[in-house]
Visitor: 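The structure follows.
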Amino acid sequence: MTWSSKTLKFTAAASAAALFLTACNGDGDTTDDADIDAEAGEAVDESAVGDMDADFLTIATGGSSGVYYQIGATMTDILADELDSDTSVQASGASAENINMLTDGDAELAFTMGDATVQAMEGTGPFEDDARDNLMAIATLYPNTVQLVALENSGIESVEDLAGQNVAVGDVGSGVELNAQMILGAYDMDYDDISEDYLSYAEATDQMANGHIDAAFVTSGLPNPTLVELGTSTDFVVVPIDGEGRENLLEEYDFFAEDVIPGGTYVDDEDVETVGVTNHLMVTSELSEEAVYDITAALFDNLDRIHSSHAAAEQITLDTIDEGIVVPMHPGAARYFDEQDS
């Protein structure tokens with residue numbers, strides 16, 4: 001994977017996010033205890049966050065059959081054990097809905113993809129004219145890989161072959177759907193060229209198994225459990241996202257990076273080129289510095305438990321907590337990570 005090639009672009013996005021937050025709070029100082037730089041998403045001053053404790057914590061994830069949910073469920077168990085918090089994991093339509101839950105006060109932590117987070121800051125896409133203030137992260141987690149799959153007998157071998165086909169594009173407003181729109185656009189296509197269907201992972205694979213859906217966009221860690229299950233009963237192929245379309249995508253959107261689905265992940269023997277987006281563990285700015293410090297410590301002191309939740313979670317490490325981050329870090333998280341470097 002070539003995440004390092006995107007560093008300069010992510011630096012600009014993170015710096016812009018930090019300036020945006022500063023404008024909203026009127027205070028541009030960074031936390032004295034944190035040496036997180038602009039590339040990592042500047043840590044904001046303690047005065048920019050609230051005083052909420054960690055007694056009640058809800059983590060907004062994604063569909064109950066997805067990777068977000070599996071990892072989030074393990075995180076809630078850890079927080080309940082380590083902090084004696086009243087915790088819950090919330091299934092959702094993923095990124096866009098999770099940001100709404102976070103900013104509406106319906107969740108304290110949330111999984112989001114970097115693309116949806118940037119759109120929320122800018123007031124674009126599903127957040128058109130409704131930009132969200134004070135978005136903060138605990139860390140980036142692992143890259144979500146865009147997986148475009150099609151029935152083997154559909155004849156679909158490229159993104160362009162989706163024309164005229166029945167295609168599952170994810171839940172409405174989800175990060176998957178945002179990716180689907182962007183990828184189609186990069187190949188000079190849109191929903192007018194396909195018959196789109198807004199389905200969760202489980203619904204999409206059920207419909208593929210029944211022959212009602214020809215292809216589906218799935219953006220998640222590798223492997224996706226529903227695709228593994230689909231492969232036990234249905235022949236499908238992984239469609240590459242490559243060529244000029246991929247170059248257009250990488251040039252237009254800073255949060256995408258080159259990625260590969262390794263041969264053997266599902267039914268393909270060869271590696272398949274695609275793109276990926278970094279996941280963020282977001283946190284409400286209403287939580288105090290001390291509360292988020294404790295949350296961060298509980299999670300990252302128990303990485304072995306998180307790693308056991310799903311294969312994708314094994315990529316979550318202290319060395320990668322700032323890779324591709326597009327918002328400022330909460331000062332509580334920044335303080336914890338700073339201590340690990342001292």
Visitor: Could you check whether any side-chain heavy atom of Met329 comes within less than 4.5 Å of a side-chain heavy atom of Phe337, counting everything from C-beta outward?
Guide: yes
Visitor: Could you check whether Glu177 and Gln181, counting side-chain N and O atoms only, form a donor-acceptor pair closer than 3.5 Å?
Guide: yes
Visitor: Any sub-3.5 Å donor-acceptor pair from Tyr266's side-chain atoms to Asn224's backbone N or O?
Guide: yes
Visitor: Roughly how far, to the nearest 0.5 Å, is the CG atom of Leu230 from the OG1 atom of Thr232?
Guide: 7.5 Å
Visitor: Supply the atom-to-atom distance Leu287 CG to Leu57 CG, rounded to the nearest 0.5 angstrom.
Guide: 6.5 Å
Visitor: Rounded at 0.5 Å granularity, tell me how far CG in Asp242 sits from OH in Tyr187.
Guide: 5.0 Å
Visitor: Does the Thr61 side chain pair with the main chain of Gln90, one donor and one acceptor, at a distance under 3.5 Å?
Guide: yes
Visitor: When you measure from the side chain of Thr76 to the backbone of Ala73, do you find a donor-acceptor pair of N or O atoms at a distance under 3.5 Å?
Guide: yes
Visitor: Can you check whether Arg132 reaches Asn100 side chain to side chain, under 4.5 Å on heavy atoms?
Guide: yes
Visitor: Any chance you could measure Ile59, atom CD1, to Asn98, atom CG, to the nearest 0.5 Å?
Guide: 10.5 Å
Visitor: Has the side chain of Asp338 got a donor or acceptor atom that lies under 3.5 Å from a matching backbone atom of Ala334?
Guide: no
Visitor: How about Asp304: does its CG atom have over 12 heavy atoms from other parts shown lying under 6.0 Å from it?
Guide: yes
Visitor: Check for a donor-acceptor pair, side chain of Thr140 on one end and backbone N or O of Ile321 on the other, with a separation under 3.5 Å.
Guide: yes
Visitor: Quick check for you: to the nearest 0.5 Å, what is the distance between Asn279 atom CG and Glu323 atom CD?
Guide: 13.0 Å
Visitor: Would you say the side chain of Pro126 lies within less than 4.5 Å of the side chain of Leu178, judging by non-hydrogen atoms?
Guide: yes
Visitor: Which atoms form the tightest heavy-atom contact between Ile306 and Ser309, and what is the distance?
Guide: O-OG, 2.6 Å
Visitor: Verify the neighbour count for atom CD of Glu229: are there more than 12 heavy atoms of other residues, nucleotides or ligands below 6.0 Å?
Guide: no
Visitor: Could you check if a side-chain atom of Ser288 sits within less than 4.5 angstrom of a side-chain atom of Met52, using non-hydrogen atoms only?
Guide: no
Visitor: So do the side chains of Tyr142 and Glu314 get within less than 4.5 Å of each other, counting heavy atoms only?
Guide: no
Visitor: Would you call Val327 and Met136 a side-chain contact if the rule is heavy atoms closer than 4.5 Å?
Guide: no
Visitor: Keeping the roles fixed (side chain from His307, backbone from Ile316), state whether a donor-acceptor pair exists under 3.5 Å.
Guide: yes
Visitor: Check for a donor-acceptor pair, side chain of Asn248 on one end and backbone N or O of Ala186 on the other, with a separation under 3.5 Å.
Guide: yes
Visitor: Which residue, Ile261, Thr219, Asp259, forms the side-chain contact (heavy atoms from CB on, under 4.5 Å) with Val146?
Guide: Thr219
Visitor: Listed by chain and number, what are the salt bridge (charged side-chain N to carboxylate O under 4.0 Å, His left out) partners of Asp81, not counting sequence neighbours?
Guide: Arg305
Visitor: Is there a donor-acceptor pair under 3.5 Å between the side chain of Ser85 and the backbone N or O of Thr87?
Guide: no
Visitor: Any chance the side chains of Asp301 and Tyr336 put a donor and an acceptor closer than 3.5 Å?
Guide: yes
Visitor: Pick out which of Ile156, Asp161, Asn153 makes a side-chain contact (heavy atoms from CB on, under 4.5 Å) with Asp214.
Guide: Ile156
Visitor: Would you mind reporting whether Leu249 and Val275 have side-chain heavy atoms less than 4.5 Å apart?
Guide: yes
Visitor: To check you understand the geometry: which heavy-atom pair defines the closest contact between Met189 and Asp193, and what is its length?
Guide: CA-OD2, 3.2 Å
Visitor: I need the minimum non-hydrogen distance between Tyr68 and Ser95, along with the two atoms involved.
Guide: OH-OG, 4.1 Å
Visitor: For His280 and Met282, indicate whether the former's side chain and the latter's backbone hold a donor-acceptor pair under 3.5 Å.
Guide: no
Visitor: Identify the heavy atoms of Gln315 and Thr320 that sit nearest to each other, and give their distance.
Guide: O-OG1, 3.5 Å
Visitor: Taking only Lys NZ, Arg NE, NH1 and NH2, and the carboxylate oxygens of Asp or Glu, determine whether Arg246 and Glu251 approach each other closer than 4.0 Å.
Guide: no
Visitor: Assess, by modelled atom type and distance only, whether the side chains of Asn179 and Asp115 contain a donor and an acceptor separated by less than 3.5 Å.
Guide: yes
Visitor: I'd like to know whether CG of Asp104 has more than 12 heavy-atom contacts from other residues, nucleotides or ligands below 6.0 angstrom.
Guide: yes
Visitor: Using the side chain to side chain donor-acceptor pair (under 3.5 Å) rule, take Asn144 and Ser220 through it: C-alpha gap first, then chi angles, then the decisive distance, then the call.
Guide: CA-CA 5 Å; Asn144 255 5; Ser220 75; 5.5 Å; no
Visitor: For atom CD of Glu128, decide whether the heavy atoms of other residues, nucleotides or ligands shown that lie under 6.0 angstrom number more than 12.
Guide: yes
Visitor: Considering only heavy atoms from C-beta outward, does the side chain of Glu339 approach that of Tyr293 to under 4.5 Å?
Guide: yes
Visitor: When rounded to the nearest 0.5 angstrom, what is the spacing between CG in Leu141 and CD1 in Ile71?
Guide: 7.0 Å
Visitor: Which atom pairs, one a donor and one an acceptor, fall under 3.5 Å between side chains of residues 106-113 and the rest of the protein, sequence neighbours left out?
Guide:
residue : atom : partner : partner atom : Å
Glu108  : OE1  : Thr58   : N            : 2.8
Thr112  : OG1  : Thr117  : OG1          : 2.8

Visitor: Search all heavy atoms of Glu82 against all heavy atoms of Ala298 and return the closest pair with its distance.
Guide: CB-CB, 3.8 Å
Visitor: Using every non-hydrogen atom in the two residues, find where Leu199 and Ala168 come nearest and quote the distance to one decimal.
Guide: CD1-CB, 4.1 Å
Visitor: Any side-chain to backbone donor/acceptor pair from Glu97 onto Gly93? Under 3.5 Å, distance only.
Guide: yes
Visitor: CG of Asp55: more than 12 outside heavy atoms within 6.0 angstrom?
Guide: yes
